[in-house]
Amino acid sequence: MIDTIYEAAHIPELWPTLLDRLSDMTDAWGGMLFTVTPEATRWTASQQTTDFFAQFLADGWMAKNPLVERGVRRDHAGFLTDLDLFTHDELDAEPMYAYMRRIGGGWHLGTAIAVPNGDTLVVNIERRHVQGAFRRDQAEHLDLYRPHLARAALLAARYTQSRYEATVGDLEALGLAAAAVSLRGSLLACNVRFEALMPTLVQDGPGGLAVVHQAAQAQVQDYLARTRSAPDTATGASIPIPAEPGRGPAILHLVPVSGTARDVFARTACLVVITTAEMDRMPSAGLVQGLFDLTPAEARVARDIARGLGVPEVAVQAGVLDSTVRTQLKAVFAKTGTSRQSELAALLNGISPVRPNGHEEAL
């Protein structure tokens, strides 16, 4: 059991297995593990209770869940039953309990664990109402594993943070200033190139990442708000930042990043990449192709556009019709998160052409 707890910390697919084992120990129906963050609730559950919890969340009960509220407020370093938090009369009068009994559940055994990154991890074991309430001795038995669950939560949060740091580090190796931010704007990680743009272009203030240019900042906030409301349908965006005294123009690229379906610690975040338009070095077509998953023809079109060629010139050079180039360029825009030729040029001109051995590529 303890091995499974620590394995789940870095193999998210094992959380449901762990929940099954905790449920078997307490003669329960199944379990749910979720993190409460300012951005969203990420969760996973036992296979047999996945539909149950999905319906519970879809009907909006997480936002008005008195069980979690009372459990967190109790601040008890252990598992709590319903009867530790409510009287029988309170349970019978509580709308959420009536709802859960109606859809198949009704009794809970859970614990809340504060994670250093600011999340709250909740482990919830569910019983059908006809099975009767959980007993105090069952809660005390699961208490034996709570310290291990708390340490596993800490490890999982650290693994997630390491992934963000590795991502922005990889982008720095390609010559890109990059950061990862939460959908509330909190800076999760950034590389040295991104730090070099502080505070003249961007700042990390009390309210999160802020662009100095007010119009661009408004667009960033609007993008984050739209992505928070519909993270599964979010796409990338490119926001131009005009030149000001002491610095040239830049483009801020936003790309939504979601964790794996089972990883409750991977916050839905946004990757921020800033390219400056005054840079005049371009990567090879091969590097462009690999970075943005382009076809060879799309990569050549992208690089020619970045060199300043127009669609007719690119078509003549490639020996194809203008309409073919426009179709390829449309695909390039979609894959790079840009919408205009000037944005595409600024993006590609901001990538240092680096060889795998660390030496710059001769152009």
Side-chain angles (χ1 to χ4, degrees), residues 163-164 166-180 190-194 197 223 227 233-241 248-258 269-363:
R163 288 197 293 270
Y164 289 136
T167 298
V168 299
D170 290 343
L171 290 169
E172 181 173 18
L174 295 172
L176 292 171
C190 69
N191 60 30
V192 174
R193 287 180 179 269
F194 195 91
L197 300 175
Y223 175 86
T227 305
T233 60
T235 58
S238 296
I239 299 172
I241 305 174
I251 294 183
L252 188 147
H253 305 275
L254 297 163
V255 181
V257 179
S258 297
C270 181
L271 197 63
V272 181
V273 178
I274 298 178
T275 55
T276 52
E278 67 267 27
M279 297 181 69
D280 58 3
R281 294 180 300 169
M282 287 179 293
S284 67
L287 178 57
V288 173
Q289 180 182 347
L291 282 175
F292 300 104
D293 194 26
L294 306 179
T295 67
E298 290 168 354
R300 287 192 296 270
V301 168
R303 188 157 192 241
D304 287 343
I305 292 294
R307 282 174 166 163
L309 300 182
V311 170
E313 297 164 294
V314 175
V316 170
Q317 185 170 289
V320 298
L321 298 174
D322 287 8
S323 59
T324 300
V325 173
R326 294 188 189 281
T327 298
Q328 293 167 338
L329 184 57
K330 184 177 180 180
V332 171
F333 285 157
K335 293 178 181 180
T336 59
T338 57
S339 58
R340 293 191 294 271
Q341 294 180 30
S342 59
E343 293 176 0
L344 177 63
L347 172 63
L348 299 188
N349 287 329
I351 301 175
S352 296
V354 180
R355 288 185 181 275
N357 62 10
H359 299 299
E360 288 189 358
E361 178 182 9
L363 296 177

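With contacts defined as side-chain heavy-atom distances shorter than 4.5 Å, the pair Val255/Val273 does not qualify. Within the 4.5 Å cutoff, the side chain of Gln341 has heavy atoms near those of the Leu329 side chain. Cys190 places none of its side-chain heavy atoms less than 4.5 Å from the side chain of Val168. Taking 4.5 Å as the limit, every side-chain heavy atom of Val272 sits out of range of all side-chain heavy atoms of His253. Contact of the Leu197 side chain with the Ile274 side chain is registered, since non-hydrogen atoms from C-beta on lie closer than 4.5 Å. Using a 4.5 Å cut-off on side-chain heavy atoms (C-beta onward), Ile251 and Thr338 make no contact. Proximity of Arg193 to Leu176: side-chain heavy atoms (C-beta onward) are nowhere separated by under 4.5 Å.
How far OG of Ser342 is from CD1 of Ile305: 11.0 Å, rounded to the nearest 0.5 Å. Rounding to the nearest 0.5 Å places CG of Leu254 at 8.0 Å from OG of Ser238.
Residue pairs meeting the salt bridge (Lys or Arg N to Asp or Glu O under 4.0 Å) criterion with at least one member in residues 316-341, sequence neighbours excluded: Glu298-Lys335, Arg340-Glu343.
The two residues Ser339 and Phe333 have their closest heavy-atom pair at O-CE1, 3.8 Å. Phe194 and Ala178 get closest at one heavy-atom pair: CB-O, 3.4 Å. Ala302 and Val332 make their closest contact through CB-CG1, 3.9 Å (heavy atoms, listed as atom of the first residue, atom of the second, distance).
Of the possible polar contacts, one joining the Thr167 side chain to the Arg163 backbone as a donor-acceptor pair under 3.5 Å is found. Asn191 places no side-chain N or O within 3.5 Å of a backbone atom of Gly169 that could act as its donor or acceptor partner.
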Begin with the C-alpha distance, continue with both residues' side-chain angles, and end with the deciding distance and a verdict on side chain to side chain contact (heavy atoms under 4.5 Å, CB included) for Thr275 and Leu252.
-> CA-CA 7 Å; Thr275 55; Leu252 188 147; over 6 Å; no
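Judged as a side-chain hydrogen bond (donor to acceptor under 3.5 Å, both in side chains), and not counting sequence neighbours, the contacts of Gln317 are Asp304.
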